[in-house]
Each structure stands twice: as C-alpha cells, then as structure tokens.
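Worksheet: one structure, shown below.
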Amino acid sequence: MNVSRRPRLIILSTGGTIAMTAQAASGGAAPEGAALRLGAAALVAALPQLQDVADIFARDVLAKPSASLTLPDLAEIAKAAAEAATSADGVLITHGTDTLEETAFALSVLVQVDVPIVLTAAMRRPDQPGADGAANLLAAARVAVSGSARKKGVLVVIDDEIHAGPLIRKTHSFRTHAFSSLPFGPIGYVAEDRVRFALSPAVAPPLLTFGAGAPIVPILEAGPGFERESLKALGAGAIEGLVLSLPGAGHVAAAAAADLGLLAERIPVVFASRTGAGETLRASYGYAGGEIDLIARGLIPAQSLDARKARIALQILLSGGARQPDVRAMFQSF
Ligand code: ASP
C-alpha cells in the first residue's frame with residue numbers, strides 16, 4: 001500500500017438496529033416501534049470523525065432486521081464484500097446483532113482476501129440514550145483500514161473489542177456488551193485511535209462456494225423431552241439436510257438413534273454440541289445414541305462448529321450440489 005495516500009474504506013450497510021430509528025405513532029397498519037431508516041450514507045453523514053480515518057465510500061446492500069436475512073442474502077453480502085475488497089484498503093459492513101454470528105461465519109468461508117472485512121453493529125438505536133452504534137462504527141473503521149488487520153480473516157468489532165468472525169456469538173439479548181468468543185476471547189481491542197491485536201487466528205476456515213437457492217436445513221435441539229416422535233413430526237420428507245444440536249459431545253436418546261441413522265441414509269445429518277464450547281467427540285462414548293454410534297450410523301460430526309454455524313456451512317455446501325461424502329469430508333476441516 002502506498003503510505004502517502006489516505007486509505008479507502010468502503011462501508012456496506014445491511015440493516016439492523018444500527019440503522020433503525022423510532023417510528024412516530026402511525027395511524028396506519030405499520031407496527032409501532034423501531035424501523036429501518038438509515039442507509040450507509042446517513043450512517044456516514046452522522047459521524048464526521050470517520051473522515052479523519054479514511055476516504056469513505058458508502059453503499060447500501062440490504063436493509064433488513066438480521067433475523068430476516070436469508071442464505072441468498074448472506075451470499076449477496078459476501079459478493080458485495082468481495083467486490084469492495086478489490087478497490088479498498090478495508091471493507092466495513094454494518095449489520096443487525098441478532099444473526100451477526102451467522103453472517104460473520106458465512107463471510108469467513110465465502111470471502112478469503114487479505115483486505116480486512118470487518119462487521120459491526122449496535123445494540124441501541126441511534127435515537128436511544130447511550131447509543132453504541134457511532135462508537136462501534138468508528139472503532140470498526142479504524143480496524144478495517146489498519147495494516148495490522150490484514151490477513152486476519154473476517155473480524156467483528158463491537159464494544160471496543162476485536163473478535164475473530166468464525167468464533168463470535170451473541171450471548172446477551174439486550175445489554176451493550178452482548179458478544180463473546182468464549183471459550184477463547186477477543187483477539188484485540190481499540191483504544192482511542194489505536195488498533196491493538198494481541199492474537200492472530202491460528203486456523204483459517206475452508207473456502208466454500210455458494211451455488212444457488214436456500215436448501216431446507218432445520219436445526220433440532222435434543223435433550224429430555226426430545227423423542228423419536230419429534231423427528232417424525234418434523235416432516236422429514238421435505239428437508240434437504242438436518243443439523244442436530246445435541247447434549248454434551250454429541251449424544252442423543254438411544255430411542256432416536258436408529259431413526260436418525262435411517263434419515264442419514266437419505267440426507268446429510270450433522271450433529272453439533274449444544275454446550276457452546278469445545279467440539280463433538282469421535283471415540284469416547286459407544287452406547288446407543290453416543291457419538292461413536294451416531295457416526296457409525298452415518299451422521300456427521302460438526303466438530304468445533306455450533307449448530308448455527310453448521311447449518312450455514314451445510315446450506316452453502318448443499319447450495320453447490322454437495323453430496324454426503326463431500327459434506328462429510330468438508331466438516332472434517334472444522
Ligand atoms: N433486530 C436487530 C437486528 O437486526 C437487532 C440488532 O441489530 O441489534 O438484528
């Protein structure tokens with residue numbers, strides 16, 4: 001990079017609370033509450049300090065609450081980010097917090113470039129007391145154009161912390177400190193205008209290619225109360241893949257194991273640990289419904305991915321026409 005010129009930062013907006021303001025009481029049919037009103041240009045205009053960080057170029061990609069994002073939406077965000085990365089020193093994506101982790105994960109498997117791709121969000125609307133969007137946007141902009149953020153994969157900057165995109169999760173429903181990368185932690189932080197990295201992600205996720213469509217892949221969480229009838233009620237005929245969120249290292253009720261094995265003969269059935277940390281085991285528990293039994297019946301361990309990330313990975317793989325052996329092989333990279 002030519003150090004004498006100002007960095008170029010492309011900001012892509014996709015929606016979320018950071019782009020919402022309160023809606024005045026309406027007489028019409030629209031629900032009261034917050035509504036999406038601010039595009040990328042408005043977010044930039046509201047924060048003049050961004051101009052001290054870089055030359056800013058703003059673009060609207062989507063305007064959605066993040067719970068409404070679809071798999072093709074994630075692919076569209078990835079495409080926009082990859083395109084932006086060809087002409088910028090950093091790419092910053094504003095997003096809703098609710099499903100930020102799915103998008104961060106999807107980007108980390110779909111866009112692998114040296115240019116920093118940074119996501120940020122807000123827990124409070126710009127019109128609320130203690131709004132956090134502007135501070136997050138400014139910190140994220142600093143990270144996105146920082147030379148030290150290059151080649152670190154997709155990052156999330158929120159609450160002055162820098163997180164590795166594949167690790168972060170939303171772990172609180174309303175407070176401003178709502179994200180964590182447990183059992184690890186943030187890999188850096190932003191102090192005033194200084195971007196500090198303490199750690200570098202040691203492994204890059206595999207590179208996947210989005211094909212087309214939005215394969216039907218529900219997540220089913222098991223535990224006491226999950227019986228084989230729950231599986232039948234799911235209407236297994238229509239689904240193209242299934243992700244199970246299982247207790248412990250990947251264990252299900254013995255009574256459900258055979259049905260899951262039958263299902264795994266037709267469609268990929270991936271099982272993840274529901275604990276939120278660690279990974280699925282392969283060789284520790286051999287009872288019916290234990291991970292050894294499930295793997296022998298054709299189920300695929302998600303390894304370090306939780307169910308949400310496993311679903312995104314499986315949907316992307318199926319969107320490109322992957323078959324069971326491809327899915328099994330790819331999940332070994334997680
Ligand atoms: N509902 C919002 C969303 O789009 C919440 C947020 O951004 O914090 O995810």
Side-chain angles (χ1 to χ4, degrees), residues 9-51 53 56-78 80-81 84 91-107 117-144 154-161 163 165 168-180 190 308:
L9 174 65
I10 298 185
I11 300 184
L12 306 174
S13 70
T14 68
T17 294
I18 195 166
M20 291 182 194
T21 55
Q23 188 153 279
S26 72
E32 302 302 325
L36 279 158
R37 284 153 183 256
L38 307 173
L43 290 174
V44 171
L47 187 59
Q49 293 94 323
L50 281 175
Q51 307 301 330
V53 174
I56 312 288
F57 303 85
R59 200 191 135 201
D60 297 334
V61 180
L62 296 166
K64 287 191 175 187
S66 64
S68 291
L69 294 173
T70 62
L71 187 73
D73 286 338
L74 303 195
E76 189 177 338
I77 297 170
V91 179
L92 172 48
I93 302 167
T94 59
H95 198 281
T97 60
D98 288 350
T99 68
L100 184 67
E101 62 207 73
E102 277 102 330
T103 300
F105 174 76
L107 291 178
I117 309 276
V118 178
L119 288 138
T120 196
M123 290 298 291
R124 293 187 185 147
R125 297 190 318 258
D127 59 305
Q128 285 181 307
D132 51 338
N136 288 342
L137 195 58
L138 189 57
R142 289 188 163 123
V143 174
V154 172
L155 301 170
V156 176
V157 176
I158 197 148
D159 215 11
D160 293 326
E161 294 180 342
H163 292 260
I168 199 166
R169 283 188 297 128
K170 187 173 185 181
T171 49
H172 200 281
S173 60
F174 61 84
R175 71 179 184 196
T176 50
H177 190 68
F179 285 85
S180 114
V190 182
R308 292 168 209 156

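The distance from the CE atom of Met123 to the CG atom of Asp98 is 7.5 Å, given to the nearest 0.5 Å. Atom CZ of Arg175 and atom CG of Asp132 lie 13.0 Å apart (nearest 0.5 Å). The NE2 atom of His163 sits 12.0 Å away from atom CD of Glu101, with the distance rounded to the nearest 0.5 Å. Note: Leu9 CG to Phe57 CZ = 9.5 Å, rounded to the nearest 0.5 Å. A distance of 6.5 Å separates NE2 in His95 from CG in Leu119, rounded to the nearest 0.5 Å. Atoms OG and CD1, on Ser180 and Ile158 in that order, are 12.0 Å from each other to the nearest 0.5 Å.
Between the side chain of Asn136 and the backbone N or O of Asp159 there is at least one donor-acceptor pair closer than 3.5 Å.
Aromatic ring centres of His172 and Phe174 lie closer together than 6.0 Å.
In this structure Thr14 satisfies the side-chain hydrogen bond (donor to acceptor under 3.5 Å, both in side chains) test with no other residue, sequence neighbours excluded. For Ser13, the side-chain hydrogen bond (donor to acceptor under 3.5 Å, both in side chains) partners are Asp60, not counting sequence neighbours. Under the rule for a salt bridge (charged side-chain N to carboxylate O under 4.0 Å, His left out), the partners of Arg125 that lie at least two apart in sequence or sit in another chain are Asp127.
In this structure the side chain of Thr176 reaches within 4.5 angstrom of the side chain of Arg124, judged on heavy atoms. Put simply, the side chain of Val118 does not reach to within 4.5 Å of the side chain of Ile93, judged on heavy atoms. Using a 4.5 Å heavy-atom threshold, the side chains of Ile77 and Leu12 count as separate. Under the 4.5 Å side-chain criterion, counting only non-hydrogen atoms from C-beta, Leu43 is not in contact with Ile11. For the pair Leu36 and Pro65, the minimum side-chain heavy-atom distance is below 4.5 Å. For the pair Leu92 and Leu137, the minimum side-chain heavy-atom distance is below 4.5 Å. Side chains of Pro126 and Leu38 form a contact here, defined as non-hydrogen atoms less than 4.5 Å apart. With a 4.5 Å cut-off on side-chain heavy atoms, Gln51 and Ile56 count as touching.
In terms of heavy atoms, Leu47 sits closest to Ala134 at CD2-O, 3.5 Å. Across all their heavy atoms, Lys170 and Thr97 have their closest contact at NZ-OG1, 2.8 Å. Nearest heavy atom pair, residue Gly96 against residue Ala121, reads C-CB, 4.3 Å. Here the closest non-hydrogen pair linking Gly165 and Ala104 is O-CB, 3.5 Å. Considering every non-hydrogen atom in both Val61 and Ala80, the closest pair reads CG2-CB, 3.9 Å. Heavy-atom minimum distance, Ala141 versus Leu50: CB-CD2, 3.5 Å.
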Inset, instruction - Start with the C-alpha distance between Thr120 and Thr94, add both sets of side-chain angles, then the distance that settles side-chain contact (heavy atoms from CB on, under 4.5 Å), and finish with yes or no. - result: CA-CA 5 Å; Thr120 196; Thr94 59; 4.3 Å; yes
